[in-house]
K.L.:
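Got a structure here, written out as structure tokens. Questions coming.
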Amino acid sequence: MRKMVFKRILSCRVNVSVVYSPASHREFSHYSLSLSLQLSYTVSRAADMDLQCLIGMKFNDFVLMATDMSQLQRIMVQKSDDDKMYQLSSHLVMAVAGEAGDTTQFAEYIAKNIQLYKMRNGYELSPSAAVHFTRHTLATHLRSREPYTVNLLMGGYDPKTDAAELFYMDFLGASVPVNFYGFGYGGMFTLSITDREYRPDMTEDEAYELMKKCISEVKRRFIVNLPKFRVRLISKDGLKDLPVIVAEGEAA
Amino acid sequence: MAASSYDRAITVFSPDGHLFQVEYAQEAVKKVVGVKGKDVVVLCVEKKSVPKLQEERTVRKICLLDDHVLMAFAGLTADARILVNRARVECQSHKLTVEDPVTLEYITRFIATLKQRYTQSNGRRPFGTSCLIAGFDMDGTPHLYLTDPSGTYTEWQANATGRSAKTVREFLEKHYSDEAVSTEEGAIKLVVKALLEVVQSGAKNVEVAIMRPNQPMRMLDIDSLEKIVGEIEKEKEEEAEKKKQKK
């Protein structure tokens with residue numbers, strides 16, 4: 001694949017992909033104070049990633065994706081109309097969660113590179129090709145001084161093969177096609193609902209109802225308040241905005 | 001231009017201030033015409049006849065740099081390919097850093113600066129292409145720019161580049177008016193008429209690209225082209241008849 005040469009805003013980043021082992025803990029005393037501070041800050045940032053909720057479900061003719069709309073900073077909600085989904089091309093959407101700043105930077109970088117491919121070649125990358133490119137970028141940055149701490153769900157429709165596609169991708173560069181997935185603590189609750197109720201041949205309305213069920217489960221069981229979810233549908237007609245789901249129901 | 005001793009190296013000026021390599025590069029270009037209408041820009045290139053066994057591709061000399069920027073070039077295709085590639089990356093890069101699509105002037109300046117660099121460095125020859133860059137800025141105003149191998153760029157309402165560009169430019173100067181190009185059909189007709197002054201008449205010898213604000217580029221299909229060429233020929237005949245009658 002031809003290398004895509006690209007200018008980027010350089011941003012400094014702490015290495016967050018360090019895996020802790022008991023042995024390395026002892027060696028911390030040899031490091032400077034600033035480094036151990038950085039590493040402890042890492043833990044809080046990883047938790048930050050889990051507080052956000054991304055849900056994606058793939059059906060026979062379309063993909064439904066929902067993301068929470070709260071932008072959180074420590075204990076404060078910065079804004080509650082955030083859009084965590086980025087449109088990469090006419091039939092591909094990427095939902096991103098993770099470290100603040102990394103998410104936007106990575107998502108925009110991928111989106112522009114996918115547009116560049118379209119300009120250079122006259123046709124758009126298929127969803128699976130775009131996913132592979134994204135995964136490759138993520139994995140390359142992982143073992144460098146600027147890894148991105150982002151979890152993504154990429155949902156798209158391939159007009160050539162007439163198939164809906166949904167891919168899971170995490171901050172360690174793993175990527176697999178899935179039928180449905182939920183990122184974050186909120187996602188853990190939705191997995192149980194989808195495991196029980198998901199059927200690949202659901203209609204758009206049935207799928208939207210299933211999404212509503214998942215989100216009300218998140219409201220019942222998750223300690224963090226995620227009141228609103230933005231919902232989008234990707235089908236052969238492209239991208240469609242569905243009404244925002246405001247979670248209803250009593251907490252358990 | 002008795003220039004043989006001053007045209008060896010790109011970086012040498014001649015006694016009368018010419019950079020001969022750059023001027024020779026300007027001879028390398030073929031024919032392209034562009035017109036800027038009120039809310040439409042039209043670019044037209046001469047389509048050389050291809051050998052029988054060669055695959056004919058519909059778009060060769062007219063390229064999309066971004067959704068709102070069109071470029072037609074005359075000259076060495078390989079050189080243009082490099083320029084187009086760099087311009088495409090720059091268009092996306094600009095969108096990435098400032099979240100706005102490029103203005104026509106910006107991207108023209110970028111291409112022109114790139115070309116100029118190659119006129120002032122050792123071991124590299126200038127790009128043998130002239131580019132007509134057309135499109136719409138974010139606020140909807142149309143623009144048409146011309147760059148040449150020396151790296152200068154100028155803005156035009158209508159222009160031609162390449163061999164016999166002078167004839168075409170004179171024709172455009174005579175016939176260009178704001179009313180003539182206020183409609184899309186008017187602009188297309190003007191462009192095709194201008195190019196047909198110097199190109200063998202026939203719909204299969206020209207390629208026309210049209211762009212309107214916030215709409216994708218449109219290549220004129222062969223049927224519409226033939227209709228327009230037919231109309232132009234009819235008008236020409238009528239004018240010739242009138243002249244004969246006056247005599």
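Chain identifiers are assigned alphabetically (A, B, ...) following the order of the sequence lines, protein sequences preceding nucleic acid strands; residue numbering begins at 1 within each chain. Side-chain atoms are counted along with the backbone in the values below, which use heavy atoms only and exclude waters and symmetry mates.
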K.L.:
Less than 4.5 Å apart, any side-chain heavy atom of Gln92(B) and any of Asn113(A)?
P.N.:
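Heavy-atom side-chain distance check fails, nothing below 4.5 Å.
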K.L.:
Flag yes if more than 12 heavy atoms outside Asp162(A) fall under 6.0 Å of its CG atom; otherwise flag no.
P.N.:
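Buried by this count: over 12 neighbours within 6.0 Å.
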K.L.:
Please report the closest heavy-atom contact between Asp66(B) and Met119(A), naming both atoms and the distance.
P.N.:
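For Asp66(B) and Met119(A), the tightest heavy-atom pair comes out as CA-SD, 3.6 Å.
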K.L.:
Roughly how far apart are Lys112(A) NZ and Glu99(B) CD, rounded to 0.5 Å?
P.N.:
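Rounded to the nearest 0.5 Å, the NZ-CD separation comes to 6.5 Å.
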K.L.:
Rounded to the nearest 0.5 Å, what separation is found between the CG atom of Leu96(B) and the CG atom of Leu116(A)?
P.N.:
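If we round to the nearest 0.5 Å, Leu96(B):CG and Leu116(A):CG are 11.0 Å apart.
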K.L.:
Indicate yes or no: at least one non-hydrogen side-chain atom of Arg120(A) is less than 4.5 angstrom from one of Val89(B).
P.N.:
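Yes, side chains in contact.
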K.L.:
Counting only heavy atoms not in Arg169(B), do more than 12 fall under 6.0 Å of its CZ?
P.N.:
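Enclosed.
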K.L.:
Go through the structure and list residues passing side chain to side chain contact (heavy atoms under 4.5 Å, CB included) with Lys160(A), not counting sequence neighbours.
P.N.:
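In terms of side chain to side chain contact (heavy atoms under 4.5 Å, CB included), with neighbours along the sequence ignored, Lys160(A) is linked to Asp158(A).
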K.L.:
Salt bridge check: are Asp67(B) and Lys118(A) linked by an N-O gap of less than 4.0 Å?
P.N.:
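Looking at Lys118(A) together with Asp67(B), the answer is yes, because their closest N to O distance falls below 4.0 Å.
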K.L.:
Got a sec, which residues hit side chain to side chain contact (heavy atoms under 4.5 Å, CB included) with Asp82(A), two or more places apart in sequence or on another chain?
P.N.:
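Asp82(A) satisfies side chain to side chain contact (heavy atoms under 4.5 Å, CB included) with Gln71(A), Lys79(A), Lys84(A) only.
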